[in-house]
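First up is the structure itself, then whatever we jot down about it.
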Amino acid sequence: MSNVGFRVYKKINRPDRALVEAFKGIPTSNISDEMNRLACMDARIKPLNAAPLLGTAFTVRARSGDNLMFHYALDAALPGDVLVIQGEGDLSQSLAGELMMSWAIQRKLAGVVVDGAMRDLEAIREMTMPVYAAGIQPKGPYKQGPGEVNVTISCGGIVVRPGDILVGDPDGVVVIRPEDAPEILKKALKKQASEEKSREAIRNGNPDRSAYSEEVLRKLGCEFIDDVEPS
């Protein structure tokens, strides 16, 4: 009988690595815009260092304040995987710190995203592997379980499935389903090229501001009064 709440799925359907790598360097804002702005994790999930995030989700559902299954995932995940931890948003105890993150780097993992707290911020700031978390807390975790690995979780208010593509930068983290990724990639690259044209127009002093003109606002029902506000 399945032991719901304390189990590990050992296999993941990972997308082709070339598809994942194609998102390298694309801002999360561009990707998010092409997913109707519904795929970004909550702003609580912040980068703890400057390393960009790109990889496939290896998910962990952890009990609040407990990192037993987080430890298991460190040993079970493959190079290029991102550990995504559903820590219930609990900031009362950290789930990992410098030593666990050092082991993740040694194992060539692509990053760690924790909907919970981390510690050893000074050391993590200097790391070349991206780490995102909801907060910092020096008080450490318990290691008793239960928990689950490679199940669908919620992290930062977004559903994350094993094998989903994660992209992160200083703005935050966006989650892409592999089946949607080819189309999202094309749209995000097109938007990136369009924004570069806008940057060039701004540098030249002639950006297109027509969408924000008085004429457009009047059509939307805005009233313009040729006087000062009455006292």
Side-chain angles (χ1 to χ4, degrees), residues 9-62 70 73-74 76-89 104-105 107-116 128-134 148-196 198:
Y9 288 91
K10 300 186 74 172
K11 295 182 179 180
I12 296 177
N13 291 322
R14 293 177 177 84
D16 183 79
R17 191 65 203 176
L19 176 61
V20 178
E21 290 295 328
F23 284 92
K24 187 175 182 178
I26 303 177
T28 55
S29 56
N30 288 357
I31 299 169
S32 172
D33 285 355
E34 297 307 327
M35 298 179 73
N36 288 296
R37 297 162 182 163
L38 292 174
C40 283
M41 291 186 183
D42 189 87
R44 296 180 301 104
I45 309 299
K46 293 181 171 60
L48 303 187
N49 58 35
L53 176 73
L54 180 63
T56 51
F58 190 102
T59 63
V60 178
R61 177 179 292 140
F70 194 160
L74 279 173
L78 298 181
D81 284 343
V82 176
L83 297 189
V84 188
I85 316 298
Q86 178 182 315
E88 310 294 343
I105 292 171
R107 299 212 63 250
K108 296 180 171 38
L109 301 190
V112 173
V113 180
V114 180
D115 196 345
T128 57
M129 182 191 72
V131 180
Y132 288 73
E148 295 185 308
V149 171
N150 286 328
V151 296
T152 300
I153 64 169
S154 174
C155 185
I158 294 294
V159 172
V160 183
R161 306 177 308 175
D164 281 352
I165 299 170
L166 274 72
V167 183
D169 58 22
D171 285 346
V173 178
V174 64
V175 181
I176 309 160
R177 292 191 172 188
E179 59 267 32
D180 297 330
E183 184 64 21
I184 297 303
L185 176 62
K186 286 191 294 184
K187 290 181 177 180
L189 287 171
K190 183 177 180 180
K191 182 173 182 63
Q192 192 173 16
S194 174
E195 288 196 348
E196 183 50 44
S198 296

*Run through V131, V114, L109 and flag the one making a side chain to side chain contact (heavy atoms under 4.5 Å, CB included) with L83.*
L109
*Would you call R61-E148 a salt bridge at under 4.0 Å N-O?*
yes
*How about V84 and L166: do any of their side-chain heavy atoms sit closer than 4.5 Å?*
yes
*asked:* Pair V113, V82 - check side-chain contact (heavy atoms from CB on, under 4.5 Å), show working.
replied: CA-CA 7 Å; V113 180; V82 176; 4.0 Å; yes
*Between D164 and R161, does at least one N-O distance fall below 4.0 Å, as a salt bridge requires?*
yes
*Could you give me the CA-CA distance, side-chain angles and deciding distance for L74 and R107, then say whether side-chain contact (heavy atoms from CB on, under 4.5 Å) is met?*
CA-CA 8 Å; L74 279 173; R107 299 212 63 250; 5.6 Å; no
*What closest approach, in Å, do I31 and I184 show between heavy atoms, and which atom pair accounts for it?*
CG2-CG2, 4.0 Å
Side-chain donor-acceptor contacts of residues 49-58 below 3.5 Å, not counting sequence neighbours, with atom names and distances?
from	atom 1	to	atom 2	distance (Å)
N49	OD1	A51	N	3.2
N49	ND2	I124	O	3.1
N49	ND2	M129	O	2.8
T56	OG1	D81	OD1	3.0

_Whether the side chain of N36 engages the backbone of L38 through a donor-acceptor N/O pair (distance < 3.5 Å, no angle test) should be reported._
no
*Are any of the side-chain heavy atoms of V173 and C40 separated by less than 4.5 Å?*
no
_Minimum heavy-atom distance between A181 and I165, given as atom pair plus value_ = CB-CD1, 3.8 Å
*Provide the closest heavy-atom pair for S154 versus D115 in the form atom of the first, atom of the second, distance.*
O-OD2, 4.5 Å
*Could you go step by step and tell me if V160 and T152 meet the side-chain contact (heavy atoms from CB on, under 4.5 Å) rule?*
CA-CA 6 Å; V160 183; T152 300; over 6 Å; no
*Calculate, to the nearest 0.5 Å, the distance between atoms CD and CD1 belonging to E88 and I153 respectively.*
10.0 Å
*Heavy-atom donor-acceptor pair, K108 side chain to I105 backbone, under 3.5 Å*: no
*To the nearest 0.5 Å, what is the distance between OG (S29) and CD (E195)?*
6.0 Å
*Would you give the length of the straight line joining atom OG1 of T28 to atom CG of D33, rounded to the nearest 0.5 angstrom?*
9.5 Å
*What's the spacing between S194 OG and L189 CG if we round to 0.5 Å?*
12.5 Å
_salt bridge (charged side-chain N to carboxylate O under 4.0 Å, His left out) partners of residues 21-31, not counting sequence neighbours, each pair once_ = R17-E21
*Check V60 against A73 and note the closest heavy-atom contact, atom names and distance.*
CG2-CB, 3.5 Å
*Identify the heavy atoms of A110 and P130 that sit nearest to each other, and give their distance.*
O-CG, 3.2 Å
*Closest approach of T59 and P162, non-hydrogen atoms and distance?*
OG1-CG, 3.6 Å
*What is the distance from atom NZ of K191 to atom NZ of K187, rounded to the nearest 0.5 Å?*
12.0 Å
*How long is the span from the SG atom in C155 to the CD1 atom in I45, to the nearest 0.5 Å?*
5.0 Å
*Let me see the working for V149 and Y9 under side-chain contact (heavy atoms from CB on, under 4.5 Å), right down to the final yes or no.*
CA-CA 6 Å; V149 171; Y9 288 91; over 6 Å; no
